[in-house]
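For reference, the structure discussed in these notes is given below.
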There are 2 protein chains.
Amino acid sequence: MVTIKDVAKATGVAPSTVSRVIANNPRISIMTKEKVRKAMKELGYHPNVSARNLAVKSTKAIGVVLPSSADKALQNPFFPEILRGIGSVTHDMEYSMTLSSGITEEEIFAEVQRMVYGSYVDGIILLYSRLNDRVMNFLHDKNFPYVIVGKPYEDIDEVTHIDNDNFTAGKEITNHLIETGHERIAFIGGSKELFVTMDREAGYQTAVKEAGLKNCEEYKIHTEFLKSGGREAVETLLSLKVRPTGLVISDDLMSLGVLSGLEEAGISVPHDISLVSFNNVYLSEIIRPSLTTVDIHIHELGAESAKALIEKTIDKSEPAKRITVPHEIVFRNSVSKRGAL
Amino acid sequence: MVTIKDVAKATGVAPSTVSRVIANNPRISIMTKEKVRKAMKELGYHPNVSARNLAVKSTKAIGVVLPSSADKALQNPFFPEILRGIGSVTHDMEYSMTLSSGITEEEIFAEVQRMVYGSYVDGIILLYSRLNDRVMNFLHDKNFPYVIVGKPYEDIDEVTHIDNDNFTAGKEITNHLIETGHERIAFIGGSKELFVTMDREAGYQTAVKEAGLKNCEEYKIHTEFLKSGGREAVETLLSLKVRPTGLVISDDLMSLGVLSGLEEAGISVPHDISLVSFNNVYLSEIIRPSLTTVDIHIHELGAESAKALIEKTIDKSEPAKRITVPHEIVFRNSVSKRGAL
DNA sequence: CTGTTAGCGCGTTCAG
DNA sequence: CTGAACGCGCTAACAG
């Protein structure tokens with residue numbers, strides 16, 4: 001391994017000078033800089049992070065914590081995409097990114113502790129949000145820089161978070177259904193305990209009310225994220241006396257399940273029933289019918305979170321803020337005028 | 001920050017003793033160990049990685065390099081799953097995992113250089129394999145520990161790699177189609193330049209030949225991974241005079257596209273045409289019809305690669321080896337007896 | 001069984 | 001503008 005000393009020796013200067021050249025310290029003569037840089041190239045010098053981190057007490061690394069994968073949610077293409085978003089800015093800023101690998105909550109917590117106490121990273125991005133989450137509380141107590149993607153359950157204006165305006169998104173997409181003539185619209189969402197679900201549902205609710213449509217409790221279904229989730233929801237819905245003609249589904253992946261269930265039941269989308277959802281994951285374009293869905297700009301969600309976090313690691317006093325990334329409806333083929341069932 | 005010295009002072013021993021306690025050195029008396037451990041707890045001591053890494057010249061971290069996401073392949077649920085596999089062992093062994101974040105080939109290469117030269121990681125897992133890849137060549141030249149998931153294009157028995165037996169898998173799944181009475185079977189795969197495609201196709205080919213079925217060049221289609229890929233393939237296939245009744249598709253995600261194309265064309269699966277594919281990604285269970293597919297044990301692929309790599313980082317002289325993770329066919333509803341079109 | 005000493009590679013005073 | 005010296009926190013001989 002070629003160190004700063006080797007370069008110094010080769011150039012006939014002191015190690016500290018080389019260090020200054022690396023930092024591009026303006027007080028070093030152009031000439032020596034050139035000379036030193038040349039030597040670095042020739043010797044193949046590369047600074048050692050560990051040494052650097054130790055000296056400056058910072059790592060230029062951020063930790064990304066995925067949800068406990070007990071939630072199979074990880075299967076959602078949402079995650080690779082958000083990682084890419086994060087990666088795009090960590091790359092630009094020459095940061096590195098460390099992924100949590102714990103499965104259980106317990107494991108994740110232990111890991112975050114290591115990251116923080118062991119100075120593995122300068123800050124942490126939480127890719128989930130739960131009520132009374134140990135990890136978040138820990139980070140908060142330690143006053144360790146972190147941001148969360150989504151909406152925190154507590155201290156909402158004390159923690160910077162990056163989120164969509166899910167309420168408005170829910171309202172807008174529901175309105176789309178209403179405008180195309182639907183009057184009986186159901187909502188299918190994931191766990192009621194997730195803010196995403198709650199917000200989108202509230203938007204749906206509001207749209208329904210404002211349009212003067214009847215609010216029907218039976219039209220609100222909460223189910224598992226994956227697998228049979230969609231099918232169950234369909235069964236429930238079909239067992240109703242008055243069936244809905246439009247469906248607002250809180251996640252593209254869920255739509256897939258619903259679509260399958262519907263198909264099994266011999267109901268055609270969008271002919272018999274219309275359907276809209278959220279996220280605009282690549283799937284929504286591939287499947288038949290392609291999905292009318294709200295694009296929540298996942299990549300941007302990731303990028304913005306990384307930016308915000310890095311700012312925070314650089315200036316700890318950076319005030320908490322909320323960053324709302326815009327959404328936009330992508331119109332495709334899962335909706336048709338005034339369906340009837 | 002509480003350091004080893006603080007603990008030493010509080011316990012009345014030397015820093016080195018504390019260090020030994022951390023390493024659980026057997027030459028330290030039980031009593032001092034207890035005493036020191038107690039102090040560590042009370043003071044909230046946690047070792048600093050950077051310092052440790054600097055001293056021992058190792059990081060207990062591994063880098064994971066994703067394919068240049070120019071290939072939209074990243075959207076494949078394959079990746080989150082393999083990351084989880086890797087994570088499960090890095091977690092157990094208390095390693096951390098750093099993700100590459102570059103987009104272009106160039107960026108990735110630069111990043112890998114940093115990782116290696118800067119001593120960011122002890123080893124690297126390559127999640128792709130290309131002919132004449134700069135990254136791989138670099139790692140090879142530097143004799144830096146790395147493993148690749150998939151099959152390397154060159155020096156195949158000099159680089160340890162973790163792969164499925166894609167040839168056999170291809171053969172077996174094709175045989176399944178043959179056994180259920182199909183005689184005209186087509187293959188739809190991704191880029192011919194990927195070994196996965198080649199191997200699976202070769203297996204298909206062999207099965208077809210061994211069954212004495214006619215080998216038909218028109219039945220082999222190569223297309224883009226995502227999006228329109230599936231649909232294109234369908235068009236080509238349907239334009240044929242004699243249409244196949246069975247399809248072997250090299251990736252579940254692709255199957256989705258094909259399925260959509262087929263549906264658009266009013267062809268029903270598995271009634272009119274049967275279809276099998278590879279990977280057993282969660283999707284294959286959700287969609288209708290659910291897919292008969294070969295489960296390649298993605299999680300294990302990840303876990304094994306991490307294990308192999310860590311071994312290698314510990315003992316550089318560990319010989320290169322090939323690890324084959326078993327596959328297994330999962331029977332579902334995309335195949336029916338002797339289809340005709 | 002434990003303390004002392006000397007680095008690991010780099011950044012940063014403080015002199016000059 | 002540059003060098004010498006010290007310290008970051010930890011480990012690893014070498015003593016004892």
Side-chain angles (χ1 to χ4, degrees), chain A residues 1-37 39-40 43-61 94 114-122 314, chain B residues 1-40 43-61 94 96 114-122 314:
Chain A
M1 164 166 269
V2 29
T3 81
I4 226 172
K5 280 187 194 163
D6 301 319
V7 180
K9 221 167 286 174
T11 335
V13 302
S16 49
T17 300
V18 178
S19 176
R20 291 190 182 103
V21 173
I22 294 171
N24 200 14
N25 187 317
R27 306 185 314 182
I28 298 288
S29 78
I30 286 279
M31 241 193 56
T32 15
K33 275 191 185 169
E34 302 267 293
K35 208 171 45 175
V36 171
R37 294 211 173 102
M40 298 198 310
L43 299 184
Y45 168 79
H46 289 265
N48 176 304
V49 242
S50 297
R52 173 168 221 288
N53 292 348
L54 185 56
V56 303
K57 292 173 170 320
S58 129
T59 62
K60 297 241 293 175
E94 302 205 287
R114 275 210 322 164
M115 285 194 195
V116 172
Y117 285 133
S119 301
Y120 279 82
V121 297
D122 289 347
I314 290 172
Chain B
M1 164 167 269
V2 29
T3 81
I4 226 172
K5 279 186 193 162
D6 301 319
V7 179
K9 220 167 288 174
T11 334
V13 302
S16 52
T17 302
V18 178
S19 175
R20 291 189 183 104
V21 173
I22 295 171
N24 201 14
N25 187 316
R27 307 185 313 185
I28 298 287
S29 79
I30 286 278
M31 242 193 54
T32 14
K33 275 191 185 171
E34 303 267 292
K35 209 171 46 176
V36 170
R37 294 212 173 102
K38 184 153 158 279
M40 298 198 309
L43 300 184
Y45 168 78
H46 289 265
N48 177 302
V49 243
S50 297
R52 173 168 221 290
N53 291 347
L54 184 56
V56 302
K57 291 175 170 319
S58 127
T59 62
K60 298 239 291 175
E94 302 205 286
S96 56
R114 273 210 322 164
M115 286 194 194
V116 172
Y117 285 132
S119 300
Y120 279 81
V121 298
D122 289 346
I314 290 171

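The basis for the numbers below is simple: all heavy atoms, side chains too, and nothing from hydrogens, waters or symmetry mates. Order of the sequence lines sets the chain letters (A, B, ...), proteins ahead of strands, with each chain counted from 1.
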Starting at NZ of B:Lys33 and ending at P of C:dC1, how long is that distance when rounded to a whole Å?
-> 9 Å
Nearest-neighbour nucleotide for the B:Ala14 side chain, D:dC10, C:dG3, C:dT2 considered = C:dG3
Could you state the atom-to-atom distance from CG of A:Asn25 to P of C:dC10 in whole Å?
-> 17 Å
Derivation and outcome, side-chain hydrogen bond (donor to acceptor under 3.5 Å, both in side chains), residues A:Asn24 and A:Lys33 | CA-CA 8 Å; A:Asn24 200 14; A:Lys33 275 191 185 169; 2.9 Å; yes
Between P of C:dG7 and CD1 of A:Ile4, the distance in whole Å = 18 Å
Determine: side-chain N/O of B:Ser50 to OP1/OP2 of D:dC10, distance under 4.0 Å, yes or no.
-> no
How would you label the contact of A:Ser19 with the nucleic acid (heavy atoms, under 4.0 Å): base, sugar-phosphate, or nothing?
-> base
Length of the line joining A:Asn24:CG and C:dC10:C1', which is rounded to integer Å | 17 Å
Using a 4.5 Å cut-off on heavy atoms from C-beta on, say whether the side chain of B:Thr17 contacts that of B:Ile28.
-> yes
CG of B:Asn53 versus C1' of D:dC10: gap in Å, rounded?
-> 10 Å
So what does A:Arg52 touch, heavy atoms closer than 4.0 Å: a base, only the sugar-phosphate, or nothing?
-> sugar-phosphate
Name the nucleic acid region contacted by A:Gly118, choosing base, sugar-phosphate or nothing; use a 4.0 angstrom heavy-atom cut-off, strictly under.
-> nothing
Would you indicate, yes or no, if C:dG9 has its OP1 or OP2 atom less than 4.0 angstrom from a side-chain nitrogen or oxygen of B:Lys57?
-> yes
Looking across every strand, which nucleic acid part, if any, lies under 4.0 Å from A:Pro47 by heavy atom: base, sugar-phosphate, or nothing?
-> sugar-phosphate
Classify the nucleic acid contact of A:Val13 as base, sugar-phosphate or nothing, counting any heavy atom under 4.0 Å across all strands shown.
-> sugar-phosphate
Of C:dC10, C:dT2, D:dA12, the nucleotide closest to the side chain of A:Asn48 is C:dC10
Just to confirm, is there a sub-4.0 Å distance from OP1 or OP2 of C:dC1 to any side-chain nitrogen or oxygen of B:Thr32?
-> no
Do A:Val7 and A:Leu43 have side chains that get closer than 4.5 Å, going by heavy atoms?
-> yes
Do the non-hydrogen side-chain atoms of A:Ile22 and A:Ile4 ever get within less than 4.5 Å of each other?
-> yes
Could you check A:Pro15 against A:Ala51 and say which one's nearest nucleotide on DNA chain C is further toward the 5' end?
-> A:Ala51
Separation of atom CZ in B:Arg20 from atom C1' in C:dT2, rounded to whole Å | 6 Å
Does a side-chain N or O from A:Tyr117 land closer than 4.0 Å to OP1 or OP2 of D:dG9, or not?
-> no
D:dG9 P sits how many Å from B:Leu43 CG, rounded?
-> 14 Å
Compare every heavy atom of B:Asp122 with every heavy atom of B:Ser58, then report the nearest pair and how far apart it is.
-> OG-OD2, 3.3 Å
Looking at C:dT4, does its base get a donor-acceptor pair with the side chain of B:Ser16 below 3.5 Å?
-> yes
For residues A:Met40 and A:Thr11, determine if any side-chain heavy atom of one lies less than 4.5 Å from a side-chain heavy atom of the other.
-> no
A:Leu54 CG to D:dC6 P, straight-line distance once rounded to whole Å | 18 Å
Phosphate oxygens OP1/OP2 of C:dC8: is one of them under 4.0 Å from a side-chain N or O of A:Thr3?
-> no
Residue whose nearest DNA chain D nucleotide is more 5′ - B:Ala55 or B:Arg27 = B:Ala55
